[in-house]
S.K.: 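Take a look at the following structure, please.
Both ligands and their constituent atoms are indexed starting at 1 by order of listing. FYI, the numbering just counts along the sequence from 1.
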Amino acid sequence: MKRVMTAVLLAAGIGGGAFAHQGATGIVKERMEAMSAMKDAMAVVGRMLKGETTFNANEAGRAADTIAAHADDMKAQFPDTPESRQKASEATPLVWQEPERFNRLADELVAAAVMLSQVSADGETAAIASQFQAVGRACSACHEDFRQKK
Ligand code: HEC
């Protein structure tokens, strides 16, 4: 279980490490902070599933709600403006070439996170672990084409 959870976090590009986002301003800074908040929320649930922290259904549910809220906000955080395309951003130009696909992937993350919130309330670890992986896949699915590889 522990190895699987670490793999999920790494695949989502959220395995820790410093991000080269120095100098980001305005909307870019805002969306980077939102992404980081989702990363932290994933880590909260990941640590529970790895047994590093005590499982707490309310906390897992709150983390899932945080992800769902930021995922929904995301659709307004990538306007096609010069500020949005500033150099510090790690977004690929595809964000503005394929906005419909981008928004659909954001919606898929919303749906996966809402489901994670629901299964967290039920408190059944296997279901939570499986939905946690689905959320991780939704992060990766977007990063694959829309976030620059380092
Ligand atoms: C619909 C697309 C999309 C989804 C879904 C998505 N991301 Fe991102 N993510 C991006 C883009 C684009 C960037 C680069 C943003 C920028 O630098 O302007 C990014 C950047 C990041 C960063 C780096 C932020 C920084 O400080 O530079 C983290 C961490 C991150 N995402 C975590 C996540 C996590 C965790 C999830 C899932 C819970 C997720 N993302 C889901 C598109 C997405």
Side-chain angles (χ1 to χ4, degrees), residues 2-50 52-53 56-57 59-121 127-150:
K2 187 167 174 148
R3 203 166 40 85
V4 174
M5 292 312 145
T6 304
V8 169
L9 291 167
L10 286 174
I14 50 183
F19 292 101
H21 59 210
Q22 277 93 349
T25 58
I27 192 73
V28 174
K29 185 161 187 279
E30 205 178 287
R31 71 196 181 208
M32 283 175 167
E33 284 167 1
M35 292 284 176
S36 297
M38 293 200 296
K39 171 187 157 183
D40 293 345
M42 283 296 277
V44 165
V45 183
R47 278 195 298 269
M48 286 181 198
L49 291 171
K50 285 194 226 172
E52 292 173 5
T53 53
N56 179 316
E59 243 180 80
R62 257 201 310 279
D65 293 342
T66 297
I67 294 169
H70 284 306
D72 197 39
D73 288 349
M74 206 188 285
K75 289 175 282 178
Q77 286 177 328
F78 289 85
D80 191 356
T81 60
E83 183 192 55
S84 187
R85 290 171 178 253
Q86 68 188 253
K87 215 160 167 277
S89 171
E90 290 172 2
T92 67
L94 271 185
V95 171
W96 300 285
Q97 286 159 11
E98 297 185 26
E100 281 166 26
R101 182 156 71 101
F102 183 85
N103 287 339
R104 193 173 64 239
L105 288 164
D107 279 333
E108 284 172 14
L109 175 59
V110 174
V114 166
M115 183 68 84
L116 180 61
S117 180
Q118 285 166 5
V119 296
S120 295
I128 295 166
S130 137
Q131 192 55 32
F132 174 77
Q133 292 179 58
V135 171
R137 279 195 300 274
C139 308
S140 317
C142 186
H143 290 164
E144 178 66 27
D145 286 341
F146 294 102
R147 180 184 174 193
Q148 289 171 25
K149 316 257 179 310
K150 271 169 274 222

S.K.: For atom 28 (C) of ligand 1, which of the options Met35, His70, Met32 provides the nearest non-hydrogen atom?
M.R.: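 Going through Met35, His70, Met32 one by one, Met35 has the nearest heavy atom to atom 28 (C) of ligand 1.
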S.K.: Could Arg101 and Asp145 be called an ion pair, given the rule that one side-chain N must be under 4.0 Å from one carboxylate O?
M.R.: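 Salt bridge: yes.
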S.K.: Please report whether ligand 1 has a polar contact with His143, defined as an N or O pair separated by less than 3.5 Å (distance criterion only).
M.R.: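 Yes, His143 has an N/O under 3.5 Å of an N/O on ligand 1.
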S.K.: Could you give the distance from CG (Asp107) to CE (Met74), rounded to the nearest 0.5 Å?
M.R.: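 With rounding to 0.5 Å, CG (Asp107) is 10.0 Å from CE (Met74).
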S.K.: Can you check whether Arg85 reaches Trp96 side chain to side chain, under 4.5 Å on heavy atoms?
M.R.: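 Of all side-chain heavy-atom pairs linking Trp96 with Arg85, at least one is under 4.5 Å.
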S.K.: Please identify which atoms of ligand 1 are closer than 4.0 Å to at least one heavy atom of Cys142.
M.R.: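 Near Cys142, the atoms of ligand 1 are 1 (C), 2 (C), 3 (C), 4 (C), 5 (C), 42 (C), 43 (C).
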S.K.: Heavy-atom distances under 4.0 Å decide this one: backbone, side chain, both or neither, for Ala138 against ligand 1?
M.R.: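 Ala138 to ligand 1: backbone contact only, side chain stays beyond 4.0 Å.
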S.K.: Quick check: does Met38 put an N/O/S atom under 2.8 Å from atom 8 (Fe) of ligand 1?
M.R.: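 Looking at Met38, which is the residue asked about, there is no N, O or S atom under 2.8 Å from atom 8 (Fe) of ligand 1.
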S.K.: Taking heavy atoms and a distance under 4.0 Å, where does Phe78 meet ligand 1: side chain, backbone, both or neither?
M.R.: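 Answer for Phe78: side chain.
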S.K.: Report, in ascending order of atom number, the atoms of ligand 1 lying under 4.0 Å from any heavy atom of Ser36.
M.R.: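 The atoms of ligand 1 under 4.0 Å from a heavy atom of Ser36 are 26 (O).
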S.K.: Is there a donor-acceptor pair under 3.5 Å between the side chain of Ser117 and the backbone N or O of Ala113?
M.R.: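 Absent.
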S.K.: If we ignore hydrogens and angles and just use 3.5 Å, is the side chain of Glu59 paired with the main-chain N or O of Asn56 as donor and acceptor?
M.R.: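 Pair absent, no side-chain N/O of Glu59 close to backbone of Asn56.
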S.K.: Do side-chain atoms of Gln131 reach the backbone of Ala112 as a donor and acceptor pair under 3.5 angstrom?
M.R.: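 Indeed, once roles are kept as given, a pair shorter than 3.5 Å links the two residues.
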S.K.: Relative to ligand 1, is Arg31 under 4.0 angstrom through side chain, backbone, both or neither, heavy atoms considered?
M.R.: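 Contact part for Arg31 vs ligand 1: side chain (C-beta onward).
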S.K.: Taking 4.0 Å as the limit for heavy-atom contacts, which would you say applies to Met74 with ligand 1: side chain only, backbone only, both, or neither?
M.R.: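 Within the 4.0 Å criterion, Met74 contacts ligand 1 through side-chain atoms alone.
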S.K.: Identify whether the distance between the nearest side-chain nitrogen and carboxylate oxygen of Lys29 and Glu33 falls below 4.0 Å.
M.R.: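 A salt bridge links Lys29 with Glu33.
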S.K.: With heavy atoms of Ser89 as the reference, note each atom of ligand 1 found under 4.0 Å away.
M.R.: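 This gives 16 (C), 17 (O), 18 (O) as the contact atoms.
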